[in-house]
Amino acid sequence: MSERRFDVWTAGDAYERYMGRWSRLVADEFLRRLDRPPGDRWLDIGCGSGALTSTVAVRCRPGALLGVERSAGFAATARASAPPPTWVAVADAQALPVRDAVFDVAVSGLVLNFLPAPGAALAEAVRGVRPGGVVAAYVWDYAEGMGFLRHFWAAATTVDPSAGAHDESRRFPLCRPSPLRALWSEAGLTDVTVSPIEIPTLFAHFDDLWTPFLSGQGPAPGYVAALSPDRREQLRRTLCERVPARADGTIPLTARAWAVQGSRPTASARRAGRPRR
């Protein structure tokens, strides 16, 4: 089975139940750390269902805010959830419909690792921000930090040893500090930092954890959708046995994202960095 076959992102409501509710918690902390002044012009690249876009609109009081999303279904959800002055356009992250150097901040949440050419998308983000502007993003720590996904893939490989090939921790080596730092530096950005953001992911009961895996949105749900009913039920039982439920049925887990940011150099900074002749 093809890995890309499972990377389906079309329905915003389904995504919200699976990942959006956790993405919004990360988005709030991500923006708190950026600490940008009111009135900035913001660009959200690969805005999905609008978790980061709507948080920017509410928390940061932007002067202008453009979300760009390739999926028309996700773009519609983002439009419905983000207040003014938000505008959402259907476009590819690797070919942004924006002029050069018009934004103060370009951000992206949980999308870089799904792009066929992350460097090309980052170059577009750099093009869109003014000299001195900030380019920042966050991605899940699939290798070690996503509790519910680690339990899911451990259960899946118990039932089906070949499932490990679809595990995001193997597929997305970009989602680690060193590759992210290197990507930002290679794009010509300066003052590059990478830091963790950890959030609680408390599930009310096992069905609260399991049902979103039936949505078909994303690699793990896509894998579940491809299973036979018997194998799917076997996976459900195995996962239920693995997760650490409390006496009241709640399942306390955590999720970690890696946040990276850097600045587009100003003309004076570029001149200062030239070797003397």
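In this chain, residues are counted from 1 in sequence order.
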Would the distance check show the side chain of [X] and the main-chain N or O of [Y] forming a donor-acceptor pair, the cut-off being under 3.5 Å?
X	Y	result
R41	V102	yes
R256	D141	no
T250	R246	no
R32	R59	no

So do [Y] and [X] actually touch side chain to side chain, heavy atoms under 4.5 Å?
X	Y	value
W42	R36	yes
Y142	N113	yes
P221	P212	no
V139	L174	no
L227	V159	no
D167	T157	no
C47	E69	yes
V107	L34	yes

D230-S228 side chain donor-acceptor pair, cut-off 3.5 Å: no
L189 with W258, same ILVMFWY side-chain cluster at under 4.5 Å: yes
[X] [atom1] to [Y] [atom2] distance, which is reported to the nearest 0.5 Å:
X	Y	atom1	atom2	answer
E241	L239	CD	CG	9.5 Å
W140	M146	CH2	CE	4.5 Å
T254	L202	OG1	CG	11.5 Å
L149	M19	CG	CE	5.0 Å
L65	T86	CG	OG1	4.0 Å
L66	I45	CG	CD1	9.0 Å

Greater than 12 external heavy atoms within 6.0 Å of [X]'s [atom1]:
X	atom1	result
R21	CZ	yes
R70	CZ	no
R242	CZ	yes

Electrostatic pair R171-E168, nearest N-O below 4.0 angstrom: no
Ion pair R264/D104, N-O distance below 4.0 Å: no
Mind listing the closest non-hydrogen atom pair of [X] and [Y] along with its distance?
X	Y	answer
A93	L115	CB-CD1, 4.2 Å
S169	R150	OG-NH2, 3.6 Å
L253	G147	CD1-C, 4.2 Å
S23	L110	OG-CD1, 3.4 Å

Aromatic ring pairing [X]/[Y], orientation class (parallel under 30°, perpendicular over 60°, tilted between):
X	Y	result
Y223	F152	perpendicular
W210	F206	parallel
F148	W22	tilted

